[in-house]
Engineer: 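Mind looking over this structure? Questions follow.
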Protein chains: 2
Amino acid sequence: MKRVRLVDVAEVAGVSTKTVSNVVHDYPHVAPELRRRVQAAIDKLGYRPNLTARRLVTGKTGMIALAIPEIDHPYFSELSRQIAEEAARRNYRVIIEQTLGKLEAEHAVLEDREAGLVDGIIFHPVSIGALSIAKLHHDTPLVLLGEGAMPATSDHVMIDNVAAAAEAVQFLLGQGRRRIAFLGVVEDDVTFSTDKRLLGYQQGLIEAGLDPDPGLVLSVQDFSSEASGEAVRAALERGVSIDGIVCRDDKFAAGALRACAAAGISVPDGIAVLGWDDTAIGKYTTPSLTSVAPDKSALASTALELLTERIDGFRGVGRHRIVPHGLTIRQSTPSVPSELPMPQGEPAVPSA
Amino acid sequence: MKRVRLVDVAEVAGVSTKTVSNVVHDYPHVAPELRRRVQAAIDKLGYRPNLTARRLVTGKTGMIALAIPEIDHPYFSELSRQIAEEAARRNYRVIIEQTLGKLEAEHAVLEDREAGLVDGIIFHPVSIGALSIAKLHHDTPLVLLGEGAMPATSDHVMIDNVAAAAEAVQFLLGQGRRRIAFLGVVEDDVTFSTDKRLLGYQQGLIEAGLDPDPGLVLSVQDFSSEASGEAVRAALERGVSIDGIVCRDDKFAAGALRACAAAGISVPDGIAVLGWDDTAIGKYTTPSLTSVAPDKSALASTALELLTERIDGFRGVGRHRIVPHGLTIRQSTPSVPSELPMPQGEPAVPSA
DNA sequence: GCCTCAAGATACAGCGCTGTAAACTTGTAT
DNA sequence: ATACAAGTTTACAGCGCTGTATCTTGAGGC
């Protein structure tokens with residue numbers, strides 16, 4: 001059962017292959033009668049165009065690669081969904097590449113050893129540095145995500161992490177908390193994200209006239225929620241006085257919640273806990289989690305906008321976009337209204 | 001900056017394009033000296049083979065489609081990860097197609113309007129029926145996942161849902177529970193999965209000599225954890241006596257947990273709660289969730305095994321494989337050891 | 001010294017499609 | 001009637017690669 005080709009349809013319909021192609025593509029200048037005849041032949045034979053052949057001649061694959069550390073990490077799976085849907089809207093398909101944050105895999109993403117597979121790449125780097133990106137990157141259009149490396153040569157989208165962290169601190173301060181901890185510095189492996197968030201945390205305190213207490217910066221063994229729980233438990237045991245925790249991400253916040261529960265401390269009454277990323281995790285914890293909420297939808301649409309512009313021929317230095325963030329307020333912080341206004345970050349700036 | 005082609009390399013190296021191709025493919029019969037020269041030219045020019053062209057001539061794309069309802073549902077994202085990793089091991093790339101369980105999208109998956117995009121499809125159907133699958137399915141190799149439609153003509157992989165549900169019931173019975181409820185029948189929309197699990201639940205009770213109480217089958221408005229919580233709350237308010245709940249999935253279990261907490265009922269002391277799918281959700285709830293655990297890794301490897309066999313030419317009627325399941329025991333069920341042995345389901349049957 | 005054979009290298013066709021340009025067919029203005 | 005524009009259809013090259021068949025070369029056997 002050989003696959004039906006354009007020529008087969010053409011033969012049956014008694015026209016040239018190009019006319020069949022024109023019908024397939026809804027080219028306007030085809031006589032109605034012919035169009036009908038060709039369509040009948042297509043239906044009769046069950047013709048389906050061979051995408052690979054089309055790609056070879058057009059040079060467009062209609063696919064983009066999404067390279068992320070972990071498919072099944074809630075933040076990335078939720079982001080992937082947004083990106084996949086936005087891509088579908090623009091008639092692109094997405095192929096997901098999992099790097100596990102490994103340098104080797106991240107190199108592979110850029111080295112892109114086989115060309116012509118995708119029209120562009122959306123890449124959330126973890127380990128690789130800006131220099132390596134600039135060096136390894138070929139001419140495949142690329143948009144970077146996250147707070148990792150951001151070489152000036154590449155397009156890049158993220159939220160304002162520093163501002164968001166400062167706002168998170170302000171939010172807790174506005175509820176009367178004064179001993180606010182930051183949870184999330186993994187020893188010997190300070191990621192860019194953690195760095196920015198920690199900076200914002202300190203900035204928020206300073207702006208409020210408070211003196212950041214180094215003893216309130218809690219470091220964690222690894223990226224598991226167990227380790228973060230352990231860090232909080234240890235701090236509590238040391239007798240560190242804490243009435244609020246800003247966490248590097250929701251996983252860490254979940255660990256903090258457990259540690260508080262184990263120590264018999266009520267959340268949010270005793271300690272307010274604030275997560276980051278607004279993932280589904282926050283809906284399932286007890287209490288549910290207040291969390292810094294990157295606008296994932298804006299992240300996705302901005303990334304695709306930049307990427308498609310590059311695909312469509314834009315050449316220029318790297319553009320850096322900040323997309324909005326908010327705060328999803330749930331049970332892990334007090335429900336008293338904050339007196340402080342909550343700025344929402346700069347709006348995304350769609351280019352003209 | 002034109003892309004470097006095989007002919008460019010050939011010209012620089014002073015050989016035929018085929019020889020370059022042979023070097024690229026590590027074809028053994030190439031003289032060492034020539035190989036060196038060609039490799040030097042490849043490196044110098046930064047040649048990367050054009051996959052699309054290769055595909056056109058070989059007819060293989062090296063890609064498989066994974067069609068699932070929701071990318072960001074924990075079960076599917078975890079399963080996707082397994083499948084992506086297993087596929088990578090076999091040198092396939094995965095392109096993820098999200099159907100949202102919509103009939104139209106599911107049709108599109110099978111109609112596969114553009115051929116030559118993927119070598120095979122792994123599909124977890126929700127809405128589409130067996131007949132439609134059989135009717136719409138072209139010749140692209142296909143493996144079905146889940147408890148949905150399973151036409152005799154297609155390969156199919158799942159766990160033994162009936163057995164797993166019966167075992168879950170037995171597990172609770174073994175801990176002395178007698179008023180075990182089933183949570184998860186969404187009104188007017190009984191999925192195949194729910195159906196099977198409900199059947200196993202009833203079977204488990206009957207096998208233990210108990211009479212299933214219809215009042216213990218709790219129906220839920222929709223697939224959210226809020227709705228499931230509401231269903232449990234309502235049952236409790238009606239005064240239904242319950243000491244254990246087997247839930248259709250972890251989301252529903254999370255809702256049940258909340259409802260119990262709200263009603264002041266301790267889990268697992270008052271009511272034991274058992275989820276399904278062993279997703280990450282279960283790690284973040286309080287208490288953490290005991291859950292029926294499909295062997296996702298086996299699911300993935302079996303699906304890929306069947307699929308690659310088809311891709312490699314196997315023609316035959318649909319094969320149906322059952323992969324193992326277990327029970328991940330956490331805090332939402334009592335920690336007393338069960339006296340009943342916990343069968344683990346049939347092992348996966350790798351074909352010869 | 002001649003023949004055979006395997007390894008090494010190549011020429012060439014063609015995978016299935018679309019872009020280009022050219023050919024042909026009307027309809028309309030002159 | 002004639003020219004010309006607009007609408008319609010087609011021939012053909014070629015995207016970049018690999019499979020097949022073929023050719024070349026040098027070693028080994030008699």
Side-chain angles (χ1 to χ4, degrees), chain A residues 1-39 41-42 45-62 112-119 138-140, chain B residues 1-39 41-42 45-62 112-119 138-140:
Chain A
M1 183 160 90
K2 193 100 177 58
R3 171 142 282 156
V4 181
R5 295 156 309 158
L6 214 45
V7 287
D8 301 322
V9 177
E11 195 175 342
V12 168
V15 297
S16 73
T17 59
K18 192 63 218 286
T19 298
V20 178
S21 173
N22 285 340
V23 170
V24 169
H25 286 277
D26 275 323
Y27 179 74
H29 301 305
V30 176
E33 148 65 8
L34 249 204
R35 181 184 300 278
R36 218 172 300 121
R37 218 165 77 210
V38 170
Q39 189 58 54
I42 288 175
L45 299 178
Y47 169 71
R48 292 169 304 152
N50 181 322
L51 266 206
T52 303
R54 182 183 292 170
R55 284 172 183 185
L56 180 58
V57 47
T58 59
K60 293 268 175 205
T61 68
D112 189 17
R113 295 210 59 76
E114 288 144 337
L117 179 63
V118 294
D119 293 335
H138 288 272
D139 46 2
T140 310
Chain B
M1 182 160 87
K2 194 100 175 56
R3 169 142 283 156
V4 182
R5 294 156 309 156
L6 214 44
V7 288
D8 303 320
V9 177
E11 195 175 343
V12 168
V15 296
S16 74
T17 59
K18 192 61 218 288
T19 296
V20 179
S21 172
N22 286 340
V23 170
V24 169
H25 286 277
D26 276 325
Y27 178 73
H29 301 306
V30 177
E33 148 65 10
L34 250 203
R35 181 184 299 278
R36 218 171 301 122
R37 217 165 79 211
V38 170
Q39 189 58 55
I42 288 175
L45 299 179
Y47 170 72
R48 293 170 303 151
N50 181 320
L51 268 205
T52 303
R54 183 183 293 170
R55 284 172 183 186
L56 180 58
V57 48
T58 60
K60 292 270 174 202
T61 68
D112 188 19
R113 295 209 59 76
E114 288 144 338
L117 179 64
V118 294
D119 294 335
H138 288 273
D139 46 1
T140 310

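If you're wondering where the values come from, they're calculated on a predicted model, not measured in any experiment. A note on names: the letters A, B, ... follow the listed sequences, proteins ahead of strands, and every chain is numbered from 1. Worth knowing before you read on, the calculation uses all heavy atoms, side chains too, and leaves out hydrogens, waters and symmetry mates.
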Engineer: I need the single residue from B:Val9, B:Asp8, B:Asn22, B:Val7 that forms a side-chain contact (heavy atoms from CB on, under 4.5 Å) with B:Thr17. Which is it?
Structural biologist: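 Output: one option passes, namely B:Val7.
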Engineer: Given side chains that start at C-beta, do those of B:Leu6 and B:Tyr47 come closer than 4.5 Å, heavy atoms only?
Structural biologist: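 B:Leu6 vs B:Tyr47: side chains touch.
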Engineer: Starting from P on C:dC17, measure out to CD1 on A:Ile42 and report it in whole angstrom.
Structural biologist: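 So the two atoms are 11 Å apart, to the nearest Å.
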Engineer: To check you understand the geometry: which heavy-atom pair defines the closest contact between B:Arg48 and A:Asp139, and what is its length?
Structural biologist: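 Result for this residue pair: NH2-OD1, 3.6 Å.
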Engineer: Using heavy atoms to find the nearest nucleotide of DNA chain C for B:Ala53 and B:Thr17 separately, return the residue whose nucleotide is more 5′.
Structural biologist: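 The 5'-side residue here is B:Thr17.
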Engineer: Verify the contact: side-chain N or O of B:Thr19 to OP1 or OP2 of C:dA9, cut-off strictly under 4.0 Å; return yes or no.
Structural biologist: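 No.
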Engineer: Can you tell me which nucleotide in C:dT18, D:dT10, D:dG16 comes closest to the side chain of A:Leu6?
Structural biologist: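 Closest of the options to the side chain of A:Leu6: C:dT18.
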Engineer: Can you tell which of D:dC17, C:dG16, C:dA11 lies closest to the side chain of B:Pro49?
Structural biologist: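 Ranking D:dC17, C:dG16, C:dA11 by closest atom to the B:Pro49 side chain puts D:dC17 first.
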Engineer: Could you identify which residues of residues 22-33 of chain A place a heavy atom less than 4.0 Å from some atom of DNA chain C, listed by residue number, or say none?
Structural biologist: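 Only A:His25 qualify.
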Engineer: Could you please name the option among C:dT10, D:dC15, D:dC17 that lies closest to any side-chain atom of B:Arg54?
Structural biologist: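 So the nucleotide nearest the side chain must be D:dC17.
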Engineer: Once you round it to whole Å, what is the distance between P of C:dG16 and CG of B:Asn50?
Structural biologist: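 Nearest whole value for this atom pair: 17 Å.
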Engineer: Looking at OG1 of B:Thr61 and CG of A:Leu117, how far apart are the two atoms once the value is rounded to the nearest 0.5 Å?
Structural biologist: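 Going from the OG1 atom of B:Thr61 to the CG atom of A:Leu117 covers 9.5 Å.
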Engineer: Please tell me if the side chains of B:Arg35 and B:Asp26 come closer than 4.5 Å, counting only heavy atoms from C-beta onward.
Structural biologist: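 When only atoms from C-beta onward are counted, B:Asp26 and B:Arg35 do touch, with a gap below 4.5 Å.
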Engineer: Select from B:Thr52 and B:Lys18 the residue whose nearest nucleotide in DNA chain D is closer to the 5' end of that strand.
Structural biologist: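 That would be B:Thr52.
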Engineer: Distance check needed: C:dG19 P versus A:Leu56 CG, whole Å only.
Structural biologist: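 Answer to the nearest Å: 12 Å.
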Engineer: When rounded to the nearest 0.5 angstrom, what distance separates CZ in B:Arg54 from OG1 in A:Thr52?
Structural biologist: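 One gets 13.0 Å once the value is rounded to the nearest 0.5 Å.
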Engineer: To the nearest 0.5 Å, tell me how far A:Asn50 CG sits from A:Arg55 CZ.
Structural biologist: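 It comes to 9.5 Å.
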Engineer: Whole Å only: how far is the CG atom of B:Asp8 from the P atom of D:dG16?
Structural biologist: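 Taking atom P of D:dG16 as the reference, CG of B:Asp8 is at 9 Å.
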Engineer: Under 4.0 Å between a side-chain N or O of B:Ser21 and OP1 or OP2 of D:dC17?
Structural biologist: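 For D:dC17, neither OP1 nor OP2 has a side-chain N or O of B:Ser21 closer than 4.0 Å.
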Engineer: What does B:Leu34 touch in the nucleic acid at a heavy-atom separation under 4.0 angstrom: a base, only the sugar-phosphate, or nothing?
Structural biologist: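 It contacts sugar-phosphate atoms only.
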Engineer: Using atom CZ of B:Arg5 as one end and atom P of D:dG14 as the other, report the distance to the nearest whole Å.
Structural biologist: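 Atom-to-atom, B:Arg5 to D:dG14, this comes out as 12 Å.
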